[in-house]
Amino acid sequence: MNKLFILTLFISSSLLQGLIGRAQTQAVYQAGSATVSLEPGPADFSLALAGYGFPRGGRFSIDWKAASLPLSKFKSGKTGKRWKAVALANHFPTGTISVTAYKNRLLALTANDELYRLDAGNLKGEWIRFAAFNGSGYDVHLQSITIHSATLYGLSKDGKVYRAGHQSSADLSARALAISQGKSAIVMVGTDLCGFNHDFINSIKQEAYRRHGLNPEALLINASHTHFAPATQDWTTWGSHQLPDTNYLNGVVRPAILKAIALALKNRKPAWLSFGRGKTDIGHNRTLPGSDAPYDNDLDVLQVERTGDHSKSLVFLTGCHPVFKNEGAEGFTLSANYPGITRALLQQEAGIGDALFLQGCGGDINPVSTDHVKTGTDLAANVRSILRQPMQQISGGINFHVDSVQFPVKPWSREQIAAFRKENDNGRGDVTAEKNVRWSDLMTRLDQQGRMPRTMPVYMQTLNIGNWKLVGISRETVTSYSLAVKQLWPGKLVSVAGYCNDVSSYLPTSRHISAGVYEGNDSFFWYGQPSVFPLNVFETIIKQIKANNH
């Protein structure tokens, strides 16, 4: 018999025995994954980018490209009967030179190259700026605008036609991983969003329960916190131009997340799970001084391998802000930032079908590099290093829990609010001062209307998948929480994510609050919160997680 054949037969037999042995010893779950785009469509025209209060005028995704359209399409004043009341009242932004309408909105172009929108149900309301000349995507001077085939067109002052699109890296997505055993199922969703409101996420959880019977406590939704996604949450103290576009929020984001959940559940197949942990040096503590400034640089990887075709999916988790650069064309470009770079590189590896990023406790952690491509490339190399090492098998049942801590609000007195407003109402167009004035006005309205929140809730969600525990905490959770939660279960496989289910403020420690740094003080004004957390917020939450012992 041919020696090569005998050797091949021996190797094949050994491999087969190894696979049979693995199948007999490692638990088999049902796992499915899905990816759905969060990219805006042409009918979204232009969207405000989230994450930065600067520049004062906002950052918008619009990208004018040369196009062809008959000039006869640019007919001024054709806005339809719905807008007759607006036209009669001449209720337009100052300097309006062209008006057009599309479905539920009226659009206006001003002489200083700004675009505004007004919703049909709010004819006497505020016009919202949704695009402005920036020398990047918006680098033409227009004389007229029109809508054709659900697309916004502009006619420049030199008679050229342009079509509006979005400056984008085309990598925004919602990614879901469903894992089940028996009748117990969980779903993790990673989104390329800066954040979201709890009410919005809760409505998605309720809809997923209605459609699929998925327990809301079994569905964890995480925001990567990229500062280059469209705004999707209510930063009420920012300029109104930076509030979410409801058409994008409800027409793209909501259905995309629900579709990802549905497809992940549908795509479930028998799979083995394994866990690996390594380190990454992509970040550093941006705020706290000293060599003892905390930074949890753990990088956790969950590998899903289908027992049939051995295709793989990955979940990777570490805590670091997806920021930089907020300048030049990058500052106006929709992008998943470094997580998108890492995912794309990992998916080029043989056998890795998709990769899902979960943002860890990166509230006070920024990238070391200002180049997000380098950050993403370095992180991909770190993940690959973990995959080359032996990984720990996951086995055991599935369970899930959601808990919360309700911190009492200690609102300012009316006198304090009035004094603070007066101090900041300087009329100089200063972004920070304007934010403080809006915060004062918001607090005054809440007080007068009897709607001042009584508590500031922090939500803690726990997903147990065999011997792996994932703890998801709401708000912009700083790195110390990750370090402390892991210490509650020494020697166990514990991963901690921030930015889960509700991103309504930072979640600092007493060190941040006492030092008066951004995470512990000024950020609460940006988020429109009624007060900061008490000094013992960190100790209270860790104590509660320990007591629950989920």
Side-chain angles (χ1 to χ4, degrees), residues 31-42 44 47 49-51 61 165-178 187-196 200-201 204 208 219-233 244-245 247-267 301-302 304 311-318 320-323 330 333-349 352-360 372-373 375-377 379-380 383 472 497 499-501 503:
S33 59
T35 299
V36 179
S37 174
L38 288 175
E39 291 291 318
D44 291 309
L47 297 168
L49 275 65
S61 67
H166 299 276
Q167 290 191 93
S168 178
S169 298
D171 59 356
L172 298 179
S173 63
R175 297 170 181 242
L177 175 66
V187 177
M188 294 173 276
V189 180
T191 64
D192 292 316
L193 301 174
C194 193
F196 29 59
F200 177 72
I201 294 300
I204 290 177
L219 173 58
L220 181 146
I221 302 178
N222 175 271
S224 74
H225 198 57
T226 174
H227 284 41
F228 304 93
T232 51
Q233 67 187 110
D245 184 318
N247 285 359
Y248 173 73
L249 186 66
N250 296 311
V252 175
V253 176
R254 179 185 173 86
I257 294 175
L258 286 167
K259 184 177 180 180
I261 294 168
L263 288 176
L265 290 167
K266 181 180 178 181
N267 293 339
V301 176
L302 179 72
V304 178
S311 62
K312 296 178 181 178
S313 298
L314 297 180
V315 177
F316 61 104
L317 181 155
T318 195
C320 183
H321 259 69
V323 293
E330 283 192 1
T333 301
L334 298 173
S335 166
N337 203 254
Y338 79 78
I341 300 297
T342 303
R343 290 191 311 240
L345 291 172
L346 292 174
Q347 289 174 186
Q348 292 174 9
E349 297 293 306
I352 298 178
D354 48 41
L356 185 158
F357 173 72
L358 293 179
Q359 181 60 261
H372 75 279
V373 175
T375 300
T377 302
L379 185 58
V383 173
Y499 302 87
C500 293
N501 306 313
V503 186

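The figures here come from the full heavy-atom set of this structure, side chains too, leaving out hydrogens, waters and symmetry mates.
For the 3.5 Å distance criterion, the side chains of Thr35 and Asp354 fail to qualify, holding no donor opposite an acceptor.
For the pair Gln359 (side chain) and Asn222 (backbone), a donor-acceptor distance under 3.5 Å is absent. A donor-acceptor pair under 3.5 Å links the side-chain atoms of Tyr248 to the main chain of Leu38, judged by distance alone. For Ser173 (side chain) and Arg175 (main-chain N/O), no donor-acceptor pair under 3.5 Å exists by modelled atom type. Side chain of Tyr338 to backbone of Cys320: a donor-acceptor contact under 3.5 angstrom is found.
Interatomic distance, Leu249 CG to Arg254 CZ, rounded to the nearest 0.5 Å: 9.0 Å. Of the inter-residue distances, the one linking Ile201 atom CD1 with Phe196 atom CZ reads 4.0 Å to the nearest 0.5 angstrom. Taken from CD in Gln347 to OG1 in Thr342, the straight-line distance is 11.0 Å, to the nearest 0.5 Å. Interatomic distance, Ile257 CD1 to Leu193 CG, rounded to the nearest 0.5 Å: 6.0 Å. Here the straight-line distance linking atom CD1 of Ile221 with atom CG of Leu358 works out to 11.5 Å at 0.5 Å rounding. Remark: Leu346 CG to Arg343 CZ distance equals 10.0 Å, nearest 0.5 Å.
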Full working for side chain to side chain contact (heavy atoms under 4.5 Å, CB included) between Asp192 and Asp171 | CA-CA 9 Å; Asp192 292 316; Asp171 59 356; 5.8 Å; no

Dump the intermediate steps for side chain to side chain contact (heavy atoms under 4.5 Å, CB included) on Ser33 and Asn267, then the final yes or no.
-> CA-CA 6 Å; Ser33 59; Asn267 293 339; 5.9 Å; no

Between Thr232 and Phe200, is a side chain to side chain contact (heavy atoms under 4.5 Å, CB included) present by the stated rule, with each step listed?
-> CA-CA 10 Å; Thr232 51; Phe200 177 72; over 6 Å; no

Test log, rule side chain to side chain contact (heavy atoms under 4.5 Å, CB included), inputs His372 and Ile341 | CA-CA 8 Å; His372 75 279; Ile341 300 297; 3.9 Å; yes

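Taking both residues in full, the closest heavy atoms of Leu220 and Gly472 are given as CD1-CA, 4.0 Å, listed atom of the first, atom of the second, then distance. Contact detail for Ser37 and Ala256: the closest heavy-atom pair is O-CB, 3.6 Å. Here the closest heavy-atom approach between residue Ala174 and residue Ala260 is recorded as O-CB, 3.9 Å. Leu334 and Pro40 make their closest contact through CD1-CG, 3.6 Å (heavy atoms, listed as atom of the first residue, atom of the second, distance). For the pair Ala497 and Cys500, the tightest heavy-atom approach, listed with the atom from each and the gap, is CB-SG, 3.8 Å. When all heavy atoms are compared, the tightest approach of Val187 to Ala178 is CG2-CB, 3.9 Å.
Side-chain contact between Val189 and Leu219 is present, with at least one heavy-atom pair separated by less than 4.5 Å. Looking only at side-chain heavy atoms (C-beta outward), Pro230 and Val252 stay at 4.5 Å or farther from each other. Between Leu302 and Leu177, the closest side-chain pair of non-hydrogen atoms falls below 4.5 Å.
Ring geometry for Tyr499 versus His225: interplanar angle of 30 to 60°, hence tilted. Ring geometry for Phe316 versus Phe357: interplanar angle of 30 to 60°, hence tilted.
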